[in-house]
Structures are given as structure tokens and as C-alpha cells.
Amino acid sequence: MSDSGKVYLKRFSRSERAVHWIHAAAFFVLLGSGLVLYLPSLGAVGDRPLVKDIHLYTAIAWALALLAVWVFGDRQGLRRTARDFNAFDADDRLWLRRYPVKQGRFNAGQKLNAAVTAAFAVLFAVSGILLWAGERDTSFRFAGTIVLHDGLMWISLVLLVGHLHLSLVYPRTRHSLRGIVRGDVEAGWAMQHHPKWVKEVFAESQAASTPDVEG
Ligand code: HEM
């Protein structure tokens, strides 16, 4: 319980938040530098080699930083998060068909967003490595590689606009920002959006008799 009388529930651990913000920060630099490379009208024609270096080294830093979170962070917690994203049940299918069914820790839209983000990260990395290798050895050059890499960029941009709208603008969902920044969310808000998850949290804290409820 806080001074304001509100109850907060732990939603994201430090490791989860680190994964999110490493991915987000790298994504913005990669997107910005990628757009400059894609659209020469954005400037930097003369600075193209520098922009390319920024793009490449950011991609390497992104991979190393995620690896560091995996090695030094809360691996068990991250595995559990992956399980939460992968658990796609009958309620999720109904929710996607706009039935007002109760949702767990993540709603079906968030699960799809996480799956697409993870798949795109792999496809970006593979196509990026092929583009890099193709500049050094023509046997790695394939007609579809650049189409794939650029196509992923445009689709990601559209998804990002939707994601930012929900987390920064849309009044019903923007309280979630507190979770990804500070780690906890208001229990009342969580009850409205993720009631099955709230039930689980209370059941777990009762079982452990050390409540995971913050004040
Ligand atoms: C300033 C930029 C960003 C903000 C403010 C933001 C905000 C958030 C918030 C509030 C959540 C937690 C939602 C919850 O309570 O469950 C979240 C989750 C997530 N974010 Fe971001 N995010 C940003 C950038 C990005 C970027 C660039 C990506 C990927 C390209 C990304 C991918 C995800 C994914 C996959 C999740 C988990 C699933 C979901 O909630 O949709 N985010 N983000």
C-alpha cells in the first residue's frame, strides 16, 4: 500500500525491463540509420560510410547487450516470461475475435506483438549478416535479402506506431508505461486489463505467504 492508498503489483523485473529497453534503444538507432541509408534524400550521402558503421556497430552492441542480460540477469524469470508469451489459449482466440474474455499477464495482442518482434529480430539479424557478407563475397548475394531487410523495416515502423499509441497515448492502456519503466502497476488497473494474472499473483503470494504486493 502506498501513501495514496493504492496497491501496486510487480509486473516486470529488472531483467525484463533491460531486455525491453535495450531492444527499444537499439531499434530506434537501427531504424533511424536504416532510413537514412534507404532514403538518401534524408541527407548523409557523403556520410554514408559513417551511417553504415553506426548501423552495423549498433546491431553488434544490441546482440551483445541482450546476451549480457541473459548471462548476468534473472534467466529463470526470463524463461517464465517467454512461457507467458507462448501460452496462447482458447480465451486468447476469443479475445482476438473481440469477445470480452478475461486476459492473463499479457493479452492476445501483446502475445502476437511479442512473437512478431522476436521473429523480426531473427530475420533482421540473418538478412543483415547476409548483406554484410554479400559485400565481401558475392556468393552470399541473394536477390531477396535486401527486399526482406527493407520490408521488415517498413512493417516494424507500422507496428511501432501502434505500440507507441497504446503505451503513450491511449488513456485506457497508457498506465502500462509505469510497469515497463518502474516495474509495477496499480492493482486496480491490472484487474481491469489482466484479471487472470492478478488472480495468479495473489494465489502465488498466498501460497508463499510473502505477498508480492508492493506499497
Ligand atoms: C519509447 C518507446 C517504447 C515505449 C514507450 C514502449 C512501451 C512499452 C510498454 C508500456 C510495454 C508493457 C506493456 C505491458 O504492461 O504489458 C511494452 C512492452 C513491449 N514492447 Fe515496448 N515500448 C517502446 C519501444 C518498443 C520497441 C522499439 C519495440 C520493438 C521493436 C517494443 C516491443 C515491445 C514488446 C514485444 C513488448 C511486450 C508485448 C507488448 O506489450 O506488446 N517496444 N512496451
*Is it true that atom OH of Tyr57 has more than 12 heavy atoms of other residues, nucleotides or ligands lying nearer than 6.0 Å?*
no

*asked:* As a test of understanding, state which of Lys111, Lys102, Arg97, Arg105 forms a salt bridge (charged side-chain N to carboxylate O under 4.0 Å, His left out) with Asp92.
replied: Lys111

_Side-chain donor or acceptor of His175 paired with backbone N/O of Ala190 under 3.5 Å_ = no

*Would Trp95 end up clustered with Phe85 when hydrophobic side chains under 4.5 Å apart are linked, directly or stepwise?*
no

*How far apart are the closest heavy atoms of Phe120 and Ser156, and which atoms are they?*
CD2-OG, 3.4 Å

_Using a 3.5 Å distance criterion without hydrogens, assess whether the side chain of Gln192 forms a donor-acceptor pair with backbone atoms of Trp189._
no

*Please name the pair of heavy atoms, one in Ser15 and one in Gly73, separated by the smallest distance, quoted to 0.1 Å.*
OG-CA, 3.5 Å

*Counting distance only, does the side-chain N/O of Asn107 pair as donor-acceptor with the main-chain N or O of Gln110 below 3.5 Å?*
yes

*asked:* Membership question, hydrophobic clusters at under 4.5 Å side-chain separation (ILVMFWY): are Val51 and Leu39 in the same one?
replied: yes

*Distance-only, no hydrogens or angles: does the Gln103 side chain make a donor-acceptor pair with backbone N or O of Ala108 under 3.5 Å?*
yes

_Criterion side chain to side chain contact (heavy atoms under 4.5 Å, CB included) on Tyr8 and Arg178, from CA distance to verdict_ = CA-CA 10 Å; Tyr8 290 90; Arg178 181 182 164 114; 3.3 Å; yes

*Sequence neighbours excluded, which residues qualify as side chain to side chain contact (heavy atoms under 4.5 Å, CB included) partners of Glu200?*
Arg80, Trp197

*If you draw the axis of the six-membered ring of Phe72, does the NZ or CZ of Arg14 fall within 45° of it and under 6.0 Å from the ring centre?*
no

*Spacing of OG belonging to Ser33 relative to CG belonging to Leu50, to within rounding of 0.5 Å*: 10.0 Å

*Check Leu96 against Gly109 and note the closest heavy-atom contact, atom names and distance.*
CD2-N, 4.4 Å

_Please give me the minimum heavy-atom distance between Ser127 and Leu152, naming the atom from each residue._
OG-CD1, 4.3 Å

_Under a 3.5 Å distance rule, please check whether Arg11 uses its side chain to pair with a backbone N or O of Gly183 as donor and acceptor._
no

*Nearest 0.5 Å please: distance from the CH2 atom of Trp62 over to the CG atom of Leu30.*
8.5 Å

*Does NZ or CZ of Arg93 come closer than 6.0 Å to the centre of the six-membered ring of Tyr99, within 45° of the ring's axis?*
no

*asked:* To the nearest 0.5 Å, what is the distance between CZ on Arg17 and CD1 on Ile22?
replied: 12.5 Å

*asked:* Is there a continuous path of hydrophobic side-chain contacts, each under 4.5 Å between heavy atoms, that joins Leu160 to Leu168?
replied: yes

_Salt bridge present between Arg48 and Asp53 (N-O < 4.0 angstrom)_ = no

*Pairing of Lys52 and Glu135 as salt bridge, 4.0 angstrom limit*: yes

*Does the side chain of Leu9 come within less than 4.5 Å of Asp184's, by heavy atoms?*
no

*Under the ring-ring contact (aromatic ring centres under 6.0 Å, His included) test, residues paired with Tyr38 that sit two or more places apart*: Trp154

*Is a donor on one side and an acceptor on the other found under 3.5 Å between the side chain of Thr138 and the backbone of Gly134?*
no

*Looking at Leu56, Ile54, Ile60, which hits side-chain contact (heavy atoms from CB on, under 4.5 Å) with Thr58?*
Ile54

*Contacts of type side chain to side chain contact (heavy atoms under 4.5 Å, CB included), residue Lys199, not counting sequence neighbours*: none

*Answer yes or no: is there a donor N or O on one side and an acceptor on the other, between the side chain of Thr173 and the main chain of Leu166, under 3.5 Å?*
yes

*Are the ring centres of Phe124 and His149 closer than 6.0 Å?*
yes

*Does the side chain to side chain contact (heavy atoms under 4.5 Å, CB included) test come out yes or no for Leu130 and Phe142, once each step is laid out?*
CA-CA 8 Å; Leu130 284 177; Phe142 306 103; 4.0 Å; yes

*Donor-acceptor pair, side chain of Asp137 and main chain of Ala133, under 3.5 angstrom*: no

*Same cluster for Phe140 and Leu123 if Ile/Leu/Val/Met/Phe/Trp/Tyr side chains link at under 4.5 Å?*
no

*Derivation and outcome, side chain to side chain contact (heavy atoms under 4.5 Å, CB included), residues Leu164 and Val169*: CA-CA 7 Å; Leu164 293 185; Val169 183; over 6 Å; no

*So which heavy atom on Asn113 is nearest to which on Thr117, and how close?*
O-OG1, 2.7 Å

*Which atom pair, heavy atoms only, marks the closest approach of Val101 to Asp91?*
CG2-O, 3.1 Å

*Pairwise distance CZ(Phe106) to OG(Ser176) - rounded to 0.5 angstrom*: 11.0 Å

*Side chains of Phe12 and Val185: does their closest heavy-atom pair fall under 4.5 Å?*
no

*Chi angles and distances behind the side chain to side chain contact (heavy atoms under 4.5 Å, CB included) call for Met191, Val198*: CA-CA 6 Å; Met191 198 59 203; Val198 176; 3.7 Å; yes

*Just how far is it from atom CE of Met153 to atom CG of Leu148, taken to the nearest 0.5 Å?*
12.0 Å

*asked:* With heavy-atom distances below 4.5 Å as the criterion, would you say the side chains of Trp70 and Arg75 are in contact?
replied: yes

*Find out whether Asp89 and Lys196 are in side-chain contact, i.e. whether some heavy atom of one side chain is under 4.5 Å from a heavy atom of the other.*
yes

*Indicate, with yes or no, if Leu37 and Phe28 share a hydrophobic cluster defined by side-chain heavy-atom contacts under 4.5 Å among Ile, Leu, Val, Met, Phe, Trp and Tyr.*
yes

*More than 12 foreign heavy atoms under 6.0 Å from CZ of Phe88: is that the case here?*
yes

